[in-house]
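Below is one structure; the comments refer to it alone.
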Amino acid sequence: MPKDPVYIIKASGERELWDEAKLVYSLRAAKASDDLTREIVAHVEQDLRDGMRTTDIYHHAFELLKRTNPPVAAEYSLKRALMQLGPSGFPFEKFIAEILAAEGYRTSTGVIVSGECVEHEVDVVAEKSTERIMVEAKYHNQPETKSDVKVALYVHARFEDIKKRLGHSAAGMGVFTKAWLITNTSFTTQAIQYANCAGLALTGWNYPKGHTLQDLVQRTQTHPITSLTSLSEHHKNELLQSGVVLCKDIIRDPSMLTKMGMNKSAIANVVTEGQSLCPII
């Protein structure tokens, strides 16, 4: 820990007192060992200075992890990897559908559903047993952007409009049982307060505790291809444009990398990292 107080600058521009515990938490969440965590923290604090940006601290830690333990580096960069599922947001919708499919749901994306007042395009429809869920996948490309109460109100209003229309059908056939707002960043306090009151399910990068988006990805091993440190940005974008979002897809079919012009050595590195990050049983 630095001897004198050190203030760092967050992505929002806000100054905050350096807190080692936050770096420790993010490293442990990325499955770094205690020894590796101590090593990374010591390296970062050695170069820490007042006014340093959180993005610089992240890149410092990431580069150290990339050299020593690529799978942990990939886990550590997961939040930023999700930011790369853009800019349209459609890859994020497909990614959410893949997570829910791994949880046993039948999923479809971009479904047009008539409401009582207007038609709605539902990002993901997830069905399992008696559940039929309307999922709104809210993608943001900046970490400081939060889904606020207006987003929660919008999703709940769409749900009620669709529910009202479908409730008029025979025995309420096809009616949604709940609405679920999933984002790759976080929620404002008001959004959480409204959702809890209205019965709207929320999942964000760090909410709710124990069932966050990070928890879901790690539990289902549905890491996006953008997590892979051995893939170039060009190749990541090319794969996303062709509809490939999961690193598991590459492990199952590495030939797609050959078609992109990658050599055998580079492909072997990608597959090895992918197998370490999300092994296929």
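Everything numeric in this text was worked out from a predicted model, so none of it was measured. Computed over heavy atoms, backbone and side chain alike; hydrogens, waters and symmetry mates excluded.
Scored by the ring-ring contact (aromatic ring centres under 6.0 Å, His included) test, Phe90 finds no partners at all (sequence neighbours excluded). Evaluation of the ring-ring contact (aromatic ring centres under 6.0 Å, His included) rule for Phe95 yields no partner, not counting sequence neighbours. Checked against ring-ring contact (aromatic ring centres under 6.0 Å, His included), Tyr194 has the following partners two or more places apart in sequence or in another chain: His156.
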Assess the residue pair Tyr105 and Val135 against the criterion (side chain to side chain contact (heavy atoms under 4.5 Å, CB included)); give the C-alpha distance rounded to whole Å, side-chain angles, the decisive distance to 0.1 Å, and a yes or no. CA-CA 12 Å; Tyr105 288 93; Val135 181; over 6 Å; no

Applying side chain to side chain contact (heavy atoms under 4.5 Å, CB included), run through Ile162 and Val122 and close with a yes or a no. CA-CA 10 Å; Ile162 294 171; Val122 177; 4.1 Å; yes

Tell me, with the steps shown, if Val245 and Glu93 meet side chain to side chain contact (heavy atoms under 4.5 Å, CB included). CA-CA 10 Å; Val245 295; Glu93 294 173 17; over 6 Å; no

Please lay out, stage by stage, how Thr107 and Ile96 fare under the test side chain to side chain contact (heavy atoms under 4.5 Å, CB included). CA-CA 10 Å; Thr107 63; Ile96 295 302; over 6 Å; no

Going through the distances and angles, do Asp215 and Thr212 end up as a side chain to side chain donor-acceptor pair (under 3.5 Å)? CA-CA 5 Å; Asp215 293 327; Thr212 67; 3.0 Å; yes

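Within the 4.5 Å cutoff, no side-chain heavy atoms of Leu200 are placed close to those of Phe159. Trp205 is not listed as a side-chain neighbour of Thr185, based on a closest heavy-atom distance of 4.5 Å or more. The shortest side-chain heavy-atom distance between Thr189 and Ile192 does not fall under the 4.5 Å cut-off. At least one side-chain heavy atom of Gln221 sits less than 4.5 Å from a side-chain heavy atom of Lys248. A heavy-atom distance below 4.5 Å is found between the side chains of Arg158 and Glu136. Met134 is not listed as a side-chain neighbour of His120, based on a closest heavy-atom distance of 4.5 Å or more. With a 4.5 Å cut-off on side-chain heavy atoms, Met256 and Ile250 count as touching. Side-chain atoms of Leu85 and Asn184, non-hydrogen and from C-beta on, never get closer than 4.5 Å to each other.
Between Ile267 and Met262, the shortest heavy-atom contact is CD1-O, 3.5 Å. Annotation for Arg28 and Thr37: closest pair CG-OG1, 4.2 Å, computed over non-hydrogen atoms. Leu277 approaches Pro71 most closely through the heavy-atom pair CD1-O, 3.8 Å. Closest heavy-atom contact between Leu202 and Pro208: O-CD, 3.4 Å. In plain terms, the two heavy atoms of Gly110 and Glu121 that are nearest each other are CA-OE2, 3.6 Å. Nearest heavy atom pair, residue Thr183 against residue Phe92, reads C-CZ, 4.0 Å.
Note that CD of Glu98 and CG of Leu246 are 4.5 Å apart. Values are rounded to the nearest 0.5 Å. Between atom CE of residue Met52 and atom CD1 of residue Ile9 there is a gap of 11.0 Å, rounded to the nearest 0.5 Å. How far OG of Ser147 is from NE2 of His140: 3.0 Å, rounded to the nearest 0.5 Å. Here CG of Leu27 is found 6.5 Å from CD1 of Ile40. Values are rounded to the nearest 0.5 Å.
The environment of NZ in Lys31 is crowded: more than 12 heavy-atom neighbours from other residues, nucleotides or ligands sit within 6.0 Å. Other residues, nucleotides and ligands contribute at most 12 non-hydrogen atoms within 6.0 Å of the CZ atom of Arg49. The local environment of CD in Glu63 is crowded, with over 12 non-hydrogen atoms from other residues, nucleotides or ligands closer than 6.0 Å. The 12-atom threshold is not exceeded at CD of Gln190, counting heavy atoms of other residues, nucleotides or ligands nearer than 6.0 Å. The number of heavy atoms from other shown groups lying within 6.0 Å of NZ (Lys178) is above 12.
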Could you list the donor-acceptor pairs under 3.5 angstrom formed between side-chain atoms of residues 222-241 and any protein atom two or more places apart in sequence or on another chain?
from: Thr222; atom 1: OG1; to: Thr220; atom 2: OG1; distance (Å): 2.7
from: His223; atom 1: NE2; to: Glu75; atom 2: OE1; distance (Å): 3.2
from: His223; atom 1: NE2; to: Glu75; atom 2: OE2; distance (Å): 2.9
from: Thr226; atom 1: OG1; to: Ala81; atom 2: O; distance (Å): 2.8
from: Ser227; atom 1: OG; to: Pro224; atom 2: O; distance (Å): 3.3
from: Thr229; atom 1: OG1; to: Glu273; atom 2: OE1; distance (Å): 3.4
from: Thr229; atom 1: OG1; to: Glu273; atom 2: OE2; distance (Å): 2.9
from: Ser230; atom 1: OG; to: Glu273; atom 2: OE1; distance (Å): 2.5
from: Ser232; atom 1: OG; to: His235; atom 2: N; distance (Å): 3.1
from: Ser232; atom 1: OG; to: His235; atom 2: ND1; distance (Å): 3.1
from: His234; atom 1: NE2; to: Glu238; atom 2: OE1; distance (Å): 3.3
from: Lys236; atom 1: NZ; to: Thr226; atom 2: O; distance (Å): 3.1
from: Lys236; atom 1: NZ; to: Leu228; atom 2: O; distance (Å): 3.3
from: Asn237; atom 1: ND2; to: Glu233; atom 2: O; distance (Å): 3.3

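Counting only residues at least two apart or in different chains, ring pair (Phe, Tyr, Trp, His ring centres under 6.0 Å) contacts with residues 50-83 comprise Tyr58-Phe62, Tyr58-Tyr76. Residue pairs that meet the disulfide (SG to SG under 2.5 Å) test with at least one member in residues 219-280, sequence neighbours left out, are Cys247-Cys278.
Remark: side-chain polar atoms of Ser77 are not paired, donor with acceptor, to backbone N or O of Arg80 under 3.5 angstrom. Between the side chain of Asp123 and the backbone N or O of Ala137, at least one donor-acceptor pair lies under 3.5 Å. Within the 3.5 Å criterion, the main-chain N or O of Leu64 finds no donor-acceptor partner in the side chain of Glu39. In this structure, the side chain of Tyr139 engages the main chain of Met83 through a donor-acceptor pair within 3.5 Å.
In the hydrophobic clustering of this structure, Tyr207 does not group with Leu153; members are Ile, Leu, Val, Met, Phe, Trp, Tyr whose side-chain heavy atoms approach within less than 4.5 Å, directly or through other members. Residues Val41 and Leu36 fall within the same hydrophobic cluster, defined by Ile, Leu, Val, Met, Phe, Trp and Tyr side chains chained together at heavy-atom separations under 4.5 Å.
Between Asp35 and Arg38, at least one side-chain N (NZ, or NE/NH1/NH2) sits under 4.0 Å from a carboxylate O, which counts as a salt bridge. With respect to the salt-bridge test (charged N to carboxylate O, under 4.0 angstrom), the residues Lys138 and Asp148 do not qualify.
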